[in-house]
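Heads up: the structure comes next, in C-alpha cells.
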Amino acid sequence: MINITFPDGSVREFEPGITPIEIAKNISHGLAKKVLVAEINNELHELSTPITTNSSLKLLTWDDKNGKSAFWHSSAHILAEAVQALYPNAKFTIGPSVENGFYYDIDFGETSFTSDDLPKVENKMLDLAKQSNPFKLYAISKADALDYYKKKDNQYKVELIENLTDGDITFCDQGSFTDLCRGGHIPDTGYVKAVKLLNVAGAYWRGDEKNKQLTRIYGVSFPKKEELDQYLFMLEEAKKRDHRKLGQELGLFAFSQKVGKGLPLWLPKGTDLRERLERFMRDAQKKAGYLQVVTPHIGSKQLYITSGHWDKYGKDSFQPIHTPEEDEIFMLKPMNCPHHCEIYKAEPRSYKDLPLRLAEFGTVYRYEQSGELHGLTRVRGFTQDDAHIFCRPDQVKEEFMKVIDLVLYVFKSLNFENFTAQVSLRDKVNREKYIGSEENWDKAEQQIQEAAKEKGLPTIIEYGEAAFYGPKLDFMVRDALNRSWQLGTIQVDYNLPERFELEYTGSDNQKHRPVMIHRAPFGSLERFIAVLTEHCAGDFPLWLTPTQVAVLPISEKFNDYSQKVVDFLKNAEIRTSFDERAEKIGKKIRESEMQKTPFMLIIGEKESSENLVSVRERGKGDVGTMGLEDFKNLVDQRIKENFNQ
RNA sequence: GCCGGUGUAGCUCAGCUGGUAGAGCAGCUGAUUUGUAAUCAGCAGGUCGCGGGUUCGAAUCCCCUCGCCGGCUCCA
C-alpha cells in the first residue's frame, strides 16, 4: 500500500498504481465530476496518471488557479486541432495558458489569417470539444520526436525538442492531433463547453524581434456557457472604465494628430485634477524633507555624454536640437537625474547635509516606439513626480523605507489596494550588461529586499528586470482590462554619482561618494491619472475631482437664489458649477450624473423661499434638504472620511 | 519598429455588390418655466484621415502615407 497525503494534511492508504480520478471517485462522486487535473508532489499530471509511491495529492477543479491553467492549456490543444483541420499547412509552435485564457502561436506560412477567420475556428473547436476526445499523454524518444516534426517540416518544434533531454519527452494526442507537450491536461475535450477566440496578434518566435513573426490566436474557454457570458459581460463593463473613453467624456485630456502622437493635451478639467494631485504630492514631500527644484526642459549634449545616456540611447531618442550658431547641441531631457546631479554639485556637500532630497515635477520626452503608445499610460512627453535622494551608503536602507512609506501614503489616500511590489534584480547569468561594481550591486539588492520585507510589502522578485545602473522596486497596478502598469518606482543608482564625480566630505575630512536614489511615487502624472481614472471608473475622490458640486435650478425663476448658493460655495472653496439653462431638471441631473459630479443641489420654490438646498449625493440619490452651512459641513466631512479610512 | 484590424459631422454610428452622403446626441434659434437620469420645433454642420491611381463616375476598388485599436518587441 502507498500513502497519499491530501492538502489538509490527512493521509490515506491506497493500492500502488491507483490514479487520481479513482481516488476522487473514492472520495465523492461530485468531486470526481468536477476534478480537472491532479497535482502530484507539486507537479501537474493527468487524472489517469498511476501513482506508485507515497505522494502528496491535490485534486484541482475549475476553482483552482492551476485547474484553470490545465483547462486553458488543454483548450489550446483543441485550438491547434481545429486550426490543423482547417489549415493543414499551418505549423504549430507553442500554446500555453495565460492569466485569462490561452493562446497558440502559429506559422500560417503564405496564408493570411485575420480576425474574420476566428468564428469558423471557434465553431470547429466546439465540434471537437463535443467529441469528448481523451487527452492521451505518452513518452517518446528524442529521435522519434524529432523524426515526427522533421517529416512535418516544423522547424519550431524541432528546435524545442533539440533543447530537451531524451527520456523526458512526451507527446499528447487528442482526436486527430498530436502535440509535443509535458502534460497536465484535463481528461477529455468534452469538459470544454464554451469557447471564445478573442483576437489575433503578431508575436515573434521566442519573443525575439529578430525572429519570424507568428500569428498568435488568443482565446478563453469555460466549463459552462454561463461563465463565458459572464466573462464577456465583464469585458464590456471594463471597457466603460477605459481612461481613454472617460478622459474624453469627462473633458480631461485630448490628443491631436497635428500636435503629434503620444503628446497629450491637458484640458481645463484634467489640468485642474492634475494640479491638485501635484499639490498633494508637494505637501507630502515637504513634510518628508524634500526640497523642490526646477530645471530646464533641455540639456546640452555634454550633460548626457557625462551621464552615459548619449551612448546608450542617443540614436533611439528624439534627435538633438541644433542652435543656429556655433556647435551647440542640446537634447530634450529624457529624465531629470543629470540636471539634479548638477544641482548637487552646485555647492560643496558635507556628510551633515545628507540625505539631500531634490524634488521636481519634471517633464521629460522620450521617443517611444509608435506601436507602444497607449492613451495616457505610454506617451512621448510626460511629467514625473521625480526626486533624487543623495545619501551616504549607510542611509540607503532607511531612505528606501521612507520612500516606501510615502508611496503607501499616496496609494492609501487614493484608495489603491490592489498593487504589487516588484523587486527587479540583475539577470543571474548575463552580468556584463550592468554597470557598477559587483559589491555595490549585491549591497543594494540586499538592502532593497530587506526594506521591502520590513515594510511588509507583498513582493515578487524578477531577475533580469533591473535597470542597467541599479536594482529597483516598482509598484505595479492593473488597469480596467487587467493589464499591469508600473506606477511608483524606487531605484538605487551607483552609476551617476560616479560619472558626475559627486562627492561629500565625511566626518573623517575625506571625500566620499554619495549614493543616489531615484524615486517617483506616481511614476508619471499621466500614467497615474490614467490608472486612477480606471480604478475609480471616473468617480474621483471628492477632494480631487474637478467639479465637486453642481447647482441645478428647477427653472430660471430660481437662478437668482441659485447664484447666491454658488457664490457661497465658491467662497467656501468648494468647486462648483452652475447649470442656468432653461432645461428640465431631469436633464440637468442626467448630465451631471454623466459628468460624475459628487454632489448636486436642486433648487426650486421651497429651497429659495426657505434658504435651503436639496442635496443629491453620488451613489446615494436624494439625501434631503439642509441649510448652506450644513451642506458645507457635509462636504468637509466626506473629504475627511476619505483620508481617515 | 513588427503583425493584424480600423478611420464617415464635435460625439456615437448607418451607408449592400462603385451612381458625388444619412440618423441620434451635442451646437445655434425659438417656444416651454419644468421637482431628482433625456421637453418640443426649426436651423446649421462633412473636400467620407491625407495623397495618388483605376473608372464615364469612388466614402465604396487598388497603391502610398498618417492617426487610432489589439497584440509582439521595447520602456533611461
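Chain letters run A, B, ... following the sequence lines, proteins first and then strands; every chain starts at 1. Worth knowing before you read on, the calculation uses all heavy atoms, side chains too, and leaves out hydrogens, waters and symmetry mates.
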Exercise for the section: Would you please say whether a donor-acceptor pair under 3.5 Å links the side chains of Ser424(A) and Gln422(A)? Expected result: yes
Practice task
Please answer whether A76(B) and Phe468(A) are stacked, defined here as ring centres separated by less than 5.5 Å and planes angled under 30°.
Solution key: no
Handout entry: Cation-pi geometry met for Lys312(A) and Phe468(A) (6.0 Å, 45°)
Key = yes
Practice task
With RNA chain B as reference, determine whether Asp116(A) or Gly260(A) sits nearer its 5' end, using the nearest nucleotide of each.
Solution key: Asp116(A)
Practice task
Within residues 578-592 of chain A, find the residues that approach RNA chain B with a heavy atom at under 4.0 Å, and present them sorted by residue number.
Solution key: Ala582(A), Glu583(A), Lys584(A), Ile585(A), Gly586(A), Lys587(A), Ile589(A), Arg590(A)
Practice task
Under 4.0 Å between any heavy atoms, over every strand shown, what does Asp622(A) touch: base, sugar-phosphate, or nothing? Just pick one.
Solution key: base
Practice task
Check whether any side-chain nitrogen or oxygen of Ser115(A) sits under 4.0 Å from OP1 or OP2 of G5(B), and answer yes or no.
Solution key: no
Problem - Nearest to side-chain heavy atoms of His309(A), which nucleotide of A76(B), U36(B), C72(B) - result: A76(B)
Handout entry: Ile321(A) CD1 to Ser300(A) OG distance, which is reported to the nearest 0.5 Å
Key = 11.5 Å
Exercise for the section: Could you tell me whether His339(A) and Tyr344(A) have their ring centroids closer than 6.0 angstrom? Expected result: no
Practice task
Answer yes or no: side-chain N or O of Glu607(A) and base N or O of G35(B) forming a donor-acceptor pair under 3.5 Å.
Solution key: yes
Problem - Residue met sooner reading RNA chain B from 5', once Ser555(A) and Thr114(A) are mapped to nucleotides - result: Thr114(A)
Practice task
Would you mind telling me which of C72(B), U36(B), C75(B) lies closest to the side-chain atoms of Ala203(A)?
Solution key: C72(B)
Practice task
Indicate whether the side chain of Asp316(A) and that of Tyr367(A) have a donor and an acceptor atom separated by less than 3.5 Å.
Solution key: no
Fill in the blank from the handout: Side-chain atoms of Glu593(A) come closest, of G4(B), A37(B), G35(B), to A37(B)
Practice task
Describe the nucleic acid contact of Gly207(A) in one word from base, sugar-phosphate, nothing, applying a heavy-atom distance below 4.0 Å.
Solution key: sugar-phosphate
Problem - Nearest listed nucleotide, side chain of Ile554(A), among A76(B), G35(B), G70(B) - result: G35(B)
Exercise for the section: Output, in order, the C-alpha distance, side-chain angles, deciding distance and verdict of ring pair (Phe, Tyr, Trp, His ring centres under 6.0 Å) for Phe318(A) and Tyr365(A). Expected result: CA-CA 8 Å; Phe318(A) 280 120; Tyr365(A) 299 91; 7.0 Å; no
Handout entry: Under-3.5 Å donor-acceptor pair between Glu209(A) side chain and C72(B) base
Key = no
